[in-house]
Amino acid sequence: MDIFAEFRTTILAALDMLVADGTLPEGLETRGITAEPPRDATHGDIASNAAMAVAKPAKKNPREIASALATILAEDPRVDKAEVAGPGFMNLRLSEAFWRERLADALVQGDDFGKSDVGAGRHVNVEYVSANPTGPLHVGHTRGAIFGDALASLLEFAGHKVTREYYINDGGSQVDTLARSAFQRYREALGHAPEMAEGLYPGDYLIPVGQAMVDKWGDSLLDKPEDDWLLDVRNFATDAMMDLIREDLASVGVVMDEFYSEKSLYGKGVIEDAIAALEEKGLIYQGVLEPPKGKKPDDWEPREQTLFKSSEFGDDVDRPIKKSDGSWTYFAPDIAYHYDKLQRADELIDVFGADHGGYVKRMKAACKALSGGEERLDIKLTQLVKLFENGAEFKMSKRAGTFVTLKDVIDMVGPDVTRFSMLTRKNDAPLDFDFAKVKEQSKDNPVYYVQYAHARICSAMRKAANEAGLSALNDASLAKSDLSTLKHEAALGLVKKIAEWPRQVRGAAENHEPHRIAFYLYDLASEFHSVYNLGAKNPELRFVQEGKEIETKALLALIRATAITISNGLRILGVTPVQEM
RNA sequence: GUCCUCGUAGCUCAGCCGGAUAGAGCACCAGAUUCCUAAUCUGGAGGCCACAGGUUCGACUCCUGUCGGGGACACCA
């Protein structure tokens with residue numbers, strides 16, 4: 001349960017009472033009213049702006065309203081003290097007994113602690129990675145993969161039904177290029193020198209594909225014209241690349257529910273249907289686009305083509321869906337794909353790299369048009385990953401051989417560190433990834449800080465079971481044990497931090513911001529480490545106290561609830577909650 | 001030229017749908033280990049939240065403009 005949401009409801013009920021007795025007028029706007037942890041803990045446990053928010057329409061002094069509210073709230077058994085502060089805040093201080101019950105809640109709920117129903121079972125389709133099937137994934141894709149995956153897990157935890165989806169761009173000319181590149185590796189496998197013409201993919205990863213082609217076709221393709229083999233080789237190589245990509249994804253713990261092929265849209269009228277849906281709304285027309293502002297391409301000439309009125313939905317200009325020769329542009333199958341997704345899910349999220357930023361408006365426009373003006377698509381851009389080695393930036397280049405793949409990164413630093421590092425940053429902020437830092441000074445990496453907290457708890461639990469010989473240390477019985485010895489300010493502070501977890505999940509899920517989970521876990525770990533170290537000076541805070549079973553069990557309940565929260569959070573981020581370090 | 005995005009401590013970044021005295025880590029200074037893992041903890045110092053207006057009880061947060069960094073800009077995907 002999210003105590004802040006709960007108290008917000010309580011406060012709204014108190015406002016209703018004030019309306020009923022005539023203190024406040026009816027029909028007040030309550031949307032802006034909050035109940036949240038105050039920035040400064042000395043202000044109390046929950047702060048509300050309710051009085052200030054209604055003061056103006058009610059034409060009353062905010063402090064007076066706050067005072068009336070406080071009088072009502074002070075009667076609540078969960079509340080120790082309700083007071084007015086500043087311009088009209090109402091601060092609530094909750095009883096220790098109330099906090100101890102929250103601890104018991106966390107223990108009882110276990111893996112479910114923090115789950116919420118904000119998703120209300122709505123089906124969300126999260127599309128991410130969707131890299132062209134022409135080679136292994138690189139670092140840039142890694143960020144998108146990790147972000148999308150954590151976002152999907154987060155939404156799941158918040159009560160959504162989630163589909164993790166990958167759109168395979170296997171319908172365009174880049175897969176022809178792939179086929180031609182693979183064919184050169186095929187020739188090479190048969191003892192001929194490969195002719196890597198300009199524009200082909202020179203990477204080594206196609207060498208085994210060439211060999212596999214020999215296994216499949218022998219030398220039968222060697223002297224045939226391209227038209228005879230292109231289709232087969234294209235399919236073969238695309239499949240091989242998708243296998244490679246699936247392996248790459250699995251190495252960072254990403255498993256997709258759905259791989260959706262662009263090619264499957266062609267020739268079945270799917271694209272035509274989607275375009276027809278837009279045409280019905282009068283959003284398709286023949287026209288000629290203005291030349292682009294600024295630097296004009298040398299070969300620019302006016303061309304009549306089929307256009308979509310995306311500018312009616314917030315795009316800068318209308319966008320072509322057919323080339324002047326009548327074939328589809330890339331945008332057309334993409335519209336069809338999203339049209340299909342809209343029918344399969346309630347909400348869509350696309351995770352794009354920053355280099356696709358220019359595509360956002362038109363895609364949103366198309367979805368808005370197709371869903372009757374509703375905003376059902378959110379697009380998250382992941383900014384570029386800047387690579388550093390020993391403090392110096394280096395650019396990736398296929399030619400120069402400084403192309404860093406996802407596999408390189410995972411082999412060097414491991415999935416946990418990679419995932420946590422990339423998630424302790426907002427998706428739309430650029431990310432500096434310094435190998436030296438992440439790998440050698442790994443003790444400075446926040447992921448270890450959080451994992452260490454979890455490991456310390458596991459260690460204390462082992463000690464309690466082995467040395468102190470305590471029995472019945474499972475969470476269910478700890479939840480029922482006497483927690484009234486939990487009084488120390490630092491211990492209660494940790495309880496309060498744990499009780500914030502459900503609210504954090506909700507906030508992160510509603511805003512599609514998994515990084516908040518990472519930051520929260522860091523804070524939680526910090527509070528835990530602090531309590532741990534206080535045990536040096538304050539023996540009553542040592543988790544395992546010889547001969548004091550009641551005190552020990554109360555503290556074990558506290559740290560187990562901490563471990564549960566850390567573990568639930570790390571599970572969302574896809575990071576292992578280690579038992580020891 | 002247009003659009004998107006970012007600008008917060010020396011550095012890397014948080015700051016929740018507008019709330020009270022703007023927070024962490026690193027680096028710097030001073031401390032803690034007969035004690036459950038020191039990959040830890042305690043304290044200090046460090047700020048015109050790029051700049052200028054606007055909206056209001058209140059702005060790091062929302063709006064407009066300026067400056068600065070990054071990205072994208074016809075029938076490529």
Side-chain angles (χ1 to χ4, degrees), chain A residues 31-32 34 36-40 43 47 49 52-53 55-56 62 85-89 91 132 169 171-175 262 289-297 299-301 303-306 315-317 319-327 329-331 334 353-361 381 383-384 386 424-426 428-430 432 434 437 441-446 448-449 451-453 455-457 459-464 467-468 503-504 506-508 510-511 513 515-516 518-520 522-523 526 529-537 539 542-545 555 559 580-581:
Chain A
R31 216 176 30 186
T34 58
E36 53 193 7
R39 189 167 294 178
D40 185 341
H43 289 143
N49 65 349
M52 289 181 291
K56 201 174 188 188
F89 286 101
N91 294 330
N132 284 343
N169 291 115
S173 59
Q174 78 280 7
V175 282
E262 176 193 351
L289 286 173
E290 297 281 305
K293 305 274 194 291
K295 54 178 180 213
K296 192 196 250 184
D299 59 342
W300 190 89
E301 58 183 44
R303 268 182 279 244
E304 182 172 284
Q305 30 187 185
T306 308
D315 200 358
D316 308 313
V317 291
R319 302 292 176 177
I321 55 169
K322 272 188 183 176
K323 302 175 195 172
S324 50
D325 67 5
S327 63
T329 63
Y330 174 74
F331 190 33
D334 231 7
D355 54 341
H356 286 62
Y359 211 71
V360 170
K361 281 188 176 179
L381 295 180
Q383 274 292 345
L384 302 181
K386 268 200 218 168
T424 41
R425 202 123 320 186
K426 278 184 302 193
D428 50 7
D432 293 342
D434 190 323
K437 232 181 215 165
Q441 302 179 1
S442 54
K443 68 178 163 113
D444 291 334
N445 197 305
Y448 294 110
Y449 187 81
Q451 287 182 319
Y452 186 40
R456 274 182 153 176
I457 293 168
S459 164
M461 294 305 294
R462 284 191 294 269
K463 180 175 167 111
E467 294 176 28
R503 176 182 139 86
Q504 292 291 343
R506 188 183 47 150
E510 282 174 351
N511 293 285
E513 291 181 344
H515 78 272
R516 292 194 197 186
F519 281 94
Y520 168 80
Y522 189 88
D523 284 349
S526 173
H529 286 308
S530 184
V531 172
Y532 181 98
N533 277 70
L534 279 174
K537 291 250 168 66
R542 291 180 56 78
F543 305 146
V544 182
Q545 297 174 30
L555 282 159
I559 64 172
E580 53 193 331
M581 299 186 72

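Values below: all heavy atoms of this structure, side chains included; hydrogens, waters and symmetry mates excluded. Residue numbering restarts at 1 for every chain, and letters A, B, ... go by the order of the sequence lines. Because the structure is a prediction, the values reported are computed rather than measured.
Contact annotation: side chain of R31(A) to base of rC17(B), donor-acceptor pair absent below 3.5 Å. Scanning atom types as modelled, one donor and one acceptor separated by under 3.5 angstrom connect the side chain of N91(A) and the base of rA20(B). Donor-acceptor pairing under 3.5 Å, judged by distance alone, is absent between the side chain of D316(A) and the base of rU2(B).
By the side-chain contact (heavy atoms from CB on, under 4.5 Å) test, T34(A) is found to be paired with E36(A), N49(A), residues two or more places apart in sequence or in another chain being considered. Listed by chain and number, the residues in a salt bridge (charged side-chain N to carboxylate O under 4.0 Å, His left out) with E513(A) are R516(A) (sequence neighbours excluded). A search for salt bridge (charged side-chain N to carboxylate O under 4.0 Å, His left out) contacts involving R319(A) returns D315(A), not counting sequence neighbours. Qualifying side-chain hydrogen bond (donor to acceptor under 3.5 Å, both in side chains) partners for T329(A), counting only residues two or more places apart in sequence or in other chains: none. Partners of E304(A) according to the salt bridge (charged side-chain N to carboxylate O under 4.0 Å, His left out) rule, which considers only residues two or more places apart in sequence or in another chain, do not exist here. Residues that satisfy the side-chain hydrogen bond (donor to acceptor under 3.5 Å, both in side chains) test with D428(A), not counting sequence neighbours, are absent from this structure. Not counting sequence neighbours, Y522(A) has no partner by the side-chain hydrogen bond (donor to acceptor under 3.5 Å, both in side chains) test. Evaluation of the salt bridge (charged side-chain N to carboxylate O under 4.0 Å, His left out) rule for D316(A) yields K361(A) as partners, not counting sequence neighbours.
Out of rG71(B), rA39(B), rC36(B), the shortest distance to the side chain of M581(A) is found at rA39(B). For D40(A), counting side-chain heavy atoms from C-beta on, the closest listed nucleotide (rC36(B), rU21(B), rC17(B)) is rU21(B).
Under 4.0 angstrom from either OP1 or OP2 of rA38(B) there lies at least one side-chain N or O belonging to Y532(A). Contact check, H515(A) against rG15(B): a side-chain N or O comes under 4.0 Å of OP1 or OP2. Side-chain N/O atoms of N533(A) include none lying less than 4.0 angstrom from OP1 or OP2 on rA38(B). A sub-4.0 Å separation between OP1 or OP2 of rC41(B) and a side-chain N or O of Y449(A) is present.
In this structure, the side chain of D334(A) does not engage the main chain of Y330(A) through any donor-acceptor pair within 3.5 Å.
A47(A) comes within contact range of at least one nucleobase, with a heavy-atom separation under 4.0 Å. Note on Q504(A): nothing from the nucleic acid sits closer than 4.0 angstrom, heavy atoms only. Nucleic acid contact for D325(A): none, since no nucleic acid atom lies under 4.0 Å from a heavy atom of the residue. Here E304(A) lies out of heavy-atom contact (under 4.0 Å) with every strand.
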Report each atom pair, protein N/O against N/O of nucleotides 7-12 of chain B, whose distance is under 3.5 angstrom.
residue, atom, partner, partner atom, Å
rU12(B), O2', R425(A), NH1, 3.3

Restricting to nitrogen or oxygen on both sides, can you table the protein-nucleotides 42-45 of chain B pairs closer than 3.5 Å?
residue, atom, partner, partner atom, Å
rU42(B), OP1, S530(A), OG, 3.1

Polar atom pairs (N or O), protein with nucleotides 60-62 of chain B, under 3.5 Å:
residue, atom, partner, partner atom, Å
rC60(B), N4, R39(A), NH2, 3.2

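Of all heavy-atom pairs between M52(A) and P87(A), the closest is SD-CG, 3.7 Å. Scanning both residues, Q174(A) and N132(A), for their nearest heavy atoms gives NE2-OD1, 3.6 Å.
By the 5.5 Å and 30° criteria, F89(A) is stacked with the base of rA20(B).
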### Query
Can you list the steps and then say if K426(A) with Q383(A) is a side-chain contact (heavy atoms from CB on, under 4.5 Å)?
CA-CA 9 Å; K426(A) 278 184 302 193; Q383(A) 274 292 345; over 6 Å; no

### Summary
Per-residue pairing states of RNA chain B in dot-bracket (Watson-Crick or G-U under 3.5 Å; . unpaired, | other strand) read (((((((..((((.....[...)))).(((((.......))))).....(((((..]....))))))))))))....

